[in-house]
Amino acid sequence: MLDIKIPIGLMFFVFGVILTIYGFISRNDAEMYQKSFSHNVNLWMGGLMLVFGAVMLLLVKRRKPKT
Amino acid sequence: MEVQLHLIDYIIMVIYFVFVLGIGWFLRKYMKDAKQFLEAGRSLPAWVTGLAFISTNLGALEVMGMTGSGAKYGMLTTHFYWIGAIPAMVFLAIFMMRFYYGSKARSVPEFLKLRFDEKTRALNAILFAVMTIMASGISMYALALLMEKVLGWNFNVSLWLSAAIVLAYTYLGGLSSAIYNEVLQFFIILIGLLPIVILALMEVGGWSGLKEGLAPIATQKGFAPDTLTTTWKYTSDANANPMGVKWYGIFAGLGFVLSFGYWCTNFLIVQRAMAAESTIAARKTPLIGAIPKMFIPFLIIVPGIIALVLINNPGSGFSIMENGKPNYDLTIIMLLKHYLPAGVLGVGITALLASFMSGMAGNVSAFNTVWTYDIYQSYIRPSTNDAAGDARHYLRVGRLATIFGVLVSIAAAYLAGLFGNIMDFLQTIFSMINAPLFAVIFLGMFWKRSTANGAFAGLLGGFLVALTHHGLTAPAGATTLVKGGWLSLIHTYPVEMAQNFWTAIYACSASTLLTVSISLVTRRTKTDEELKGLVYSLTPKISEKNIPWLKRTNTLALLVLIIFVILSILFW
């Protein structure tokens with residue numbers, strides 16, 4: 001059956017890519033990040049999601065040779 | 001109070017929907033018979049069922065309500081996640097799960113049928129089916145209303161669209177799809193709400209800053225300065241804490257009756273564990289769920305408590321006022337608005353939608369199982385000699401029940417809009433089935449002398465006692481009879497929660513008394529042989545001696561209890 005780590009990993013990887021790019025583009029928009037005390041939350045959360053998604057996908061790959 | 005969403009937020013939301021539907025689409029080809037569809041083929045690993053176990057409980061009303069409670073009662077709200085969940089989950093794992101799983105029952109009502117008799121099953125199945133669908137409808141109504149108020153979405157569109165998405169993936173992939181999506185939803189809720197916790201703690205200056213900020217608020221309410229950041233410290237007197245309950249009320253009402261009734265006997269929850277691949281995986285399910293469960297308060301309750309500081313600081317620009325009154329249900333969404341710029345805001349809103357969907361899919365997938373097995377197969381069309389034909393037939397019925405369940409939920413949502421009070425009242429009434437049910441199942445599993453008639457009397461009697469108690473008491477300041485006192489008012493509780501606790505305590509005690517006394521004067525209808533695997537004393541002891549000790553259920557349970565004790569002491 002479907003390994004749930006695949007959709008989870010893929011989805012967060014995609015989210016991570018989108019948010020990282022978005023965060024990068026909007027990095028000079030001081031007004032936008034006023035809410036988050038000038039922290040570029042999009043960049044940080046995007047990075048976190050990229051890592052999380054990648055880890056999930058890596059866990060899937062490692063299992064494969066067994067079967 | 002409107003929240004402005006940008007294109008990027010909608011893109012995130014749409015991607016999430018694509019994945020949710022994609023999981024259902026991918027799983028559809030495995031749905032060959034009723035067992036696959038309604039029981040996920042009993043093939044899922046423990047970590048998946050474990051996360052689904054708590055995710056299905058993490059519905060939108062839960063998230064909104066708990067953040068709101070955080071803003072109302074402070075850290076005391078964590079009792080719902082610690083004493084009010086962990087002991088029950090450990091008990092379920094160690095003592096009860098093997099009987100549910102090992103009995104081969106496909107639902108909690110079916111367990112009642114195997115252990116007791118048909119009428120006990122029928123009573124529970126019907127009450128459960130009605131309650132589940134109603135709960136689903138009420139939560140749909142609340143969500144669509146919130147989306148209309150805050151995001152400006154059309155009420156009907158959000159209601160039908162969210163229902164259609166849940167229907168699509170549960171129709172395609174059944175329980176597996178619901179469970180897989182619950183795991184996905186668990187992670188998105190976690191990651192979506194994480195930035196508000198971090199940013200909110202930054203704003204108030206960490207935990208110590210939060211404590212300082214709350215001290216004047218607590219004092220102003222007439223409590224000790226640290227009341228809002230402690231859990232047990234001020235529970236020796238009901239008037240010394242905002243929840244208005246004493247420690248033994250929390251202990252007995254929440255920690256024992258309500259939580260054991262909910263976590264150990266609610267089929268919605270137990271069904272997740274029943275889908276596990278083996279007895280040991282089923283037993284580990286609640287324990288694996290318990291670990292994140294203990295930390296969820298930091299994600300949803302702590303932001304609520306911080307919101308309380310912000311509400312009392314006019315300079316913060318944070319408000320949950322609606323028509324001149326605070327609406328605590330808005331707390332979470334206003335926090336999202338307050339802290340998150342476009343982008344992560346989309347993830348946060350998606351997390352709320354996800355929590356709603358996991359709650360609803362849970363209800364629908366539990367409903368279709370009880371309907372198909374406990375009502376349709378038992379009373380409308382029993383199995384025939386053709387096992388393969390039956391499996392296909394019940395698969396079709398399960399799918400139709402899914403559509404039917406969603407449609408009735410939608411109807412219930414509109415009814416909730418029209419007759420909100422009546423629906424709330426009905427929901428309160430139906431929530432009264434849990435406490436007596438726990439007493440009956442507990443006695444059934446651990447006392448072989450308990451009889452079918454005793455169980456039936458206990459179930460019905462406990463329910464009636466709960467109803468009577470609700471009819472005779474009311475929380476202080478109640479303006480409608482929906483809150484209680486509709487028979488005549490003989491006692492007033494300081495808060496609604498205290499009333500709920502005591503309703504459950506009375507119901508559970510009455511049910512125990514009735515089941516025991518009627519069992520003693522009636523005859524057992526099942527032989528020892530028939531009760532093997534259903535009753536503790538008649539079932540061979542479970543042994544995990546052949547498993548390395550690190551992987552044993554008891555080791556995991558011990559770990560859960562240690563974390564539970566540490567957290568309770570840290571936030572005493």
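Keep in mind that the numbers below use all heavy atoms, side chains included, and drop hydrogens, waters and symmetry copies. Labels below follow one simple rule: chain letters A, B, ... track the order of the sequence lines, proteins then strands, and each chain is numbered from 1.
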Check each atom of [X] against the heavy atoms of chain A and say whether the ones under 4.5 Å are side chain, backbone, both or neither.
X: Ile179(B); result: neither
X: Ile11(B); result: side chain
X: Ile8(B); result: side chain
X: Leu199(B); result: both
X: Val347(B); result: side chain

On a heavy-atom basis, which atom in [X] and which in [Y] lie closest, and how many Å separate them?
X: Phe52(A); Y: Ile191(B); answer: CD2-CD1, 4.0 Å
X: Tyr180(B); Y: Ile4(A); answer: O-CD1, 3.4 Å
X: Asn42(A); Y: Ala342(B); answer: ND2-O, 2.8 Å
X: Lys35(A); Y: Leu340(B); answer: NZ-O, 3.1 Å
X: Leu2(A); Y: Tyr30(B); answer: N-OH, 4.2 Å

Can you tell me how far the CD1 atom of Ile15(B) sits from the CD1 atom of Ile18(A), to the nearest 0.5 Å?
3.0 Å
CD of Glu203(B) to CZ of Phe37(A): how many Å apart, nearest 0.5 Å?
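Output value for this atom pair is 4.0 Å.
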Answer yes or no: does atom CZ of Phe24(A) have more than 12 heavy-atom neighbours from other residues, nucleotides or ligands under 6.0 Å?
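No.
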Side-chain touch His39(A)/Ile198(B), heavy atoms, less than 4.5 angstrom
no
For residues Phe187(B) and Met56(A), determine if any side-chain heavy atom of one lies less than 4.5 Å from a side-chain heavy atom of the other.
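Answer yes - side chains close enough.
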Derivation of the side-chain contact (heavy atoms from CB on, under 4.5 Å) call for Val41(A) and Tyr339(B):
CA-CA 10 Å; Val41(A) 232; Tyr339(B) 288 116; over 6 Å; no
By a 4.5 Å heavy-atom criterion (distance strictly below it), what part of Leu48(A) contacts chain B: side chain, backbone, both, or neither?
side chain
Top contributor to chain A contacts, counting heavy-atom pairs under 4.5 Å, from Ile188(B), Val48(B), Val183(B):
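Of the candidates given, the most pairs with chain A belong to Ile188(B).
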